[in-house]
Amino acid sequence: MSQYKSDFISKLVERQYLHQCTDIEALDAKAAGGPVTAYIGFDCTAPSLHVGSLVPIMLLRLFQQTGHKPIVLMGGGTTKVGDPSGKDDQRKLLDDAAIAANMAGIKSVFKKFLTFGDGPTDAVMVNNADWLENLNYVSFLRDYGRHFTINRMLSFDSVKLRLDREQPLTFLEFNYMILQAYDFLELANRHSVSLQMGGSDQWGNIINGVELGRRVAEKQLYGLTTPLLTTASGAKMGKTVDGAIWLNEDALSAYDYWQYWRNCEDADVGRFLRLFTEMPIEEIERLEKLEGAEINDAKKTLADEATQLCRGDKAAELARSTAETTFEQGGMGEDLPSIDIARAELDAGIGVLAAFTMAGLSISNGEARRLIRGGGAKVNDQAVSDEKATISSEQINSDGVIKLSAGKKRHALIKPV
């Protein structure tokens, strides 16, 4: 039996989301007493979020499912400043049009994980540009700047890391933590928010908001963070050698998304099942004990469940079917990534290096050349040994396509048009 009173904190701990909390006993009691409103902020630095943002999204989903109200804060204002947390250099500054376009792309993914509406536990999405862009700079400094000491700000990891590495930290970025603290205060006043959640790299920023609420408005606010998530080998979540694992369908196919989870490290299976699926803990404990070839069944389950949440049941089913056809039956699944190439261009012939790069199986001709030299490049399951070879319409197979393979796990199709 859980030591906690609230369903939210109990499941938070059970599924290994909890890293730090400002006052977990008080927050637990508050959550046990009725709906709590909490938020997580997402800056609009790209047209899609990637898997690295999935822990906070799943945390908001868990929060809502345990009877509370989540707020998704779009950083339309803070994106113009750039969060220095975890960065060695300043983020690229985006103009209004780019931020608006990124925000439009990011918004769509939340509808798959949260229920939005006007009810007491329905999710709400807000934009901090609504209050940050209208601030009077001098008045803001006078009213809120006096609550932040340079001594304290220099003690936070996001600042110390940059300074220790002798990387410049601009005055613009230095203001980010003040603006994030102000966001918390504004949301407390506008939406009765009492909890801010985020990754462990946000702890200092969250603490600033908790303290600002107490000093300025005598509000009891809480902060909670999740562990910094890396793979068992230490790699950062959301990034692979092939690029980011985007959450949006138009940025990454469901097949590639499914494959990301299917190919996770053995040591990560149990943890990922807890964080990224809603399977019962008892079933997760059974799956994570599997060894040898059987662990692949657990990985397929993880891939199915994670893809269903982000892309839907049909996409997950098709992705798994494609993988089984491609890997287990030696065929070609219909959901494999593909590129269209004009039939006339194929008739003339395309260099194999260019073809692998066009298909996204290499990032450059140089990488494609190394793939061939290493014996990892195949056309229609036949190894390619000649870097100067061409791919032509003569290689179109009985399925009407040309199959390219980079190693055993990455495939793409050339479709003549």
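The figures that follow rest on heavy atoms only: side chains count, while hydrogens, waters and symmetry mates do not. All values derive from a computational prediction rather than experimental measurement.
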Report summary line: Between Tyr4 and Ile24, the two heavy atoms sitting closest are OH-CD1, 3.8 Å
Report task. Would you confirm whether Arg15, through its side chain, and Arg274, through its main-chain N or O, come within 3.5 Å as a donor-acceptor pair? Result -> yes
Report task. Spell out, as yes or no, whether a donor-acceptor pair under 3.5 Å connects the side chain of Thr277 to the backbone of Leu302. Result -> no
Query - Close side-chain approach of Thr66 and Leu12, heavy atoms under 4.5 Å - result: no
Query raised in the report: Just by distance, do the side chain of Thr301 and the backbone of Asp297 share a donor-acceptor pair under 3.5 Å?
Result: yes
**Report entry** Gln395 (side chain) donor-acceptor with Val379 (main chain) under 3.5 angstrom
**Finding:** no
Query raised in the report: Do Glu278 and Gln65 come close enough that some side-chain heavy atom pair is under 4.5 Å?
Result: yes
Query raised in the report: How long is the gap from CE on Met177 to CG on Leu179, to the nearest 0.5 Å?
Result: 10.5 Å
Query raised in the report: Got a second to check how far Cys310's SG is from Asn248's CG, nearest 0.5 Å?
Result: 7.5 Å
Report summary line: Residue set satisfying ring-ring contact (aromatic ring centres under 6.0 Å, His included) with Phe110, at least two apart, ordered chain then number -> Phe42
Report summary line: The reported gap from NZ in Lys112 to CD in Gln308 (rounded to nearest 0.5 angstrom) is 13.0 Å
Query raised in the report: Can you check whether Leu247's main-chain N or O pairs, donor with acceptor, with Tyr257's side chain at less than 3.5 Å?
Result: no
Query raised in the report: Could you state the interatomic distance from NE2 (His68) to CG (Leu195), rounded to the nearest 0.5 Å?
Result: 9.5 Å
Requested in this report: Mind checking the CD1-CE spacing from Ile284 to Met279? Nearest 0.5 Å is all I need.
Outcome: 6.0 Å
**Report entry** Least distance between heavy atoms, Asp28 atom then Lys5 atom
**Finding:** OD2-N, 2.8 Å
Report task. Starting from the C-alpha separation in whole Å, work towards a yes-or-no answer on side-chain contact (heavy atoms from CB on, under 4.5 Å) for Leu49 and Trp246. Result -> CA-CA 6 Å; Leu49 298 173; Trp246 301 108; over 6 Å; no
Query raised in the report: Step by step, would you call Tyr17 with Ile9 a side-chain contact (heavy atoms from CB on, under 4.5 Å)?
Result: CA-CA 9 Å; Tyr17 283 99; Ile9 298 295; over 6 Å; no
Query raised in the report: Is there a donor-acceptor contact under 3.5 Å from the side chain of Arg61 to the main chain of Ile57?
Result: no
Report task. Can you measure from OG1 (Thr78) to CG (Asn175) and round to the nearest 0.5 angstrom? Result -> 12.5 Å
Query raised in the report: Under 4.5 Å between any side-chain heavy atoms of Leu290 and Val269, yes or no?
Result: no
Query raised in the report: Could Asp304 and Lys300 be called an ion pair, given the rule that one side-chain N must be under 4.0 Å from one carboxylate O?
Result: no
Query raised in the report: Is there side-chain contact between Met197 and Phe63, with heavy atoms separated by less than 4.5 Å?
Result: yes
Query raised in the report: Thinking salt bridges, do Glu283 and Arg286 make one under a 4.0 Å N-O criterion?
Result: yes
Query raised in the report: Gln180 and Gln202: side-chain donor and acceptor closer than 3.5 Å?
Result: yes
Which pairs would a plain distance check flag for residues 95-102, meaning a side-chain donor or acceptor within less than 3.5 Å of a matching protein atom at least two apart in sequence or in another chain?
residue	atom	partner	partner atom	Å
Asp95	OD1	Ala97	N	3.3
Asp95	OD1	Ala98	N	2.8
Asp96	OD1	Lys80	NZ	2.9
Asn102	ND2	Cys44	O	3.0
Asn102	ND2	Ala98	O	3.4

Query raised in the report: Checking Ser10 side chain against Ser6 main chain: does a donor-acceptor pair fall under 3.5 Å?
Result: yes
Requested in this report: Specify the closest pair of heavy atoms between Tyr222 and Lys30, including all atoms of both residues, with the distance to one decimal.
Outcome: CE1-CD, 3.7 Å
Query raised in the report: Should Leu346 and Glu394 be marked as a side-chain contact (heavy atoms from CB on, under 4.5 Å) after you check the CA-CA gap, both sets of side-chain angles, and the distance that decides it?
Result: CA-CA 8 Å; Leu346 282 173; Glu394 294 179 0; over 6 Å; no
Query raised in the report: Does Tyr144 reach the side chain of Leu185, with side-chain heavy atoms less than 4.5 Å apart?
Result: yes
Query raised in the report: If only atom types and distance count, is the side chain of Asp347 paired as donor or acceptor with the main-chain N or O of Ser392 below 3.5 Å?
Result: no
Query - Heavy-atom closest contact (Glu133 atom, Gly76 atom, distance) - result: OE2-O, 4.4 Å
**Report entry** Stepwise salt bridge (Lys or Arg N to Asp or Glu O under 4.0 Å) check, Glu288 with Arg271
**Finding:** CA-CA 9 Å; Glu288 68 183 342; Arg271 185 168 53 126; over 6 Å; no
Query raised in the report: Just wondering, do Trp131 and Arg190 contact through their side chains at under 4.5 Å, heavy atoms?
Result: yes
Query raised in the report: Quick check: does any side chain N or O of Asn127 sit under 3.5 Å from a backbone N or O of Ala129, one acting as donor and the other as acceptor?
Result: yes
Query - Shortest non-hydrogen contact between Val193 and Leu221, atoms and distance - result: O-CD2, 3.6 Å
Report summary line: All heavy atoms of Leu73 vs all of Asn128, minimum pair found to be CD1-N, 3.7 Å
**Report entry** Evaluation steps, side-chain contact (heavy atoms from CB on, under 4.5 Å), between Leu54 and Phe272
**Finding:** CA-CA 11 Å; Leu54 199 52; Phe272 286 2; over 6 Å; no
Requested in this report: Using only heavy-atom distances, determine whether the side chains of Thr231 and Asp268 contain a donor-acceptor pair under 3.5 Å.
Outcome: no
Query raised in the report: Do Phe148 and Asn208 touch side chain to side chain, with heavy atoms closer than 4.5 Å?
Result: yes
Requested in this report: Taking the side chain as every heavy atom from C-beta outward, state whether Asn263 and Lys299 have any pair of such atoms under 4.5 Å apart.
Outcome: no
Query raised in the report: Sub-3.5 Å donor-acceptor pair from the side chain of Lys69 to the main-chain atoms of Asp122, do we have one?
Result: yes
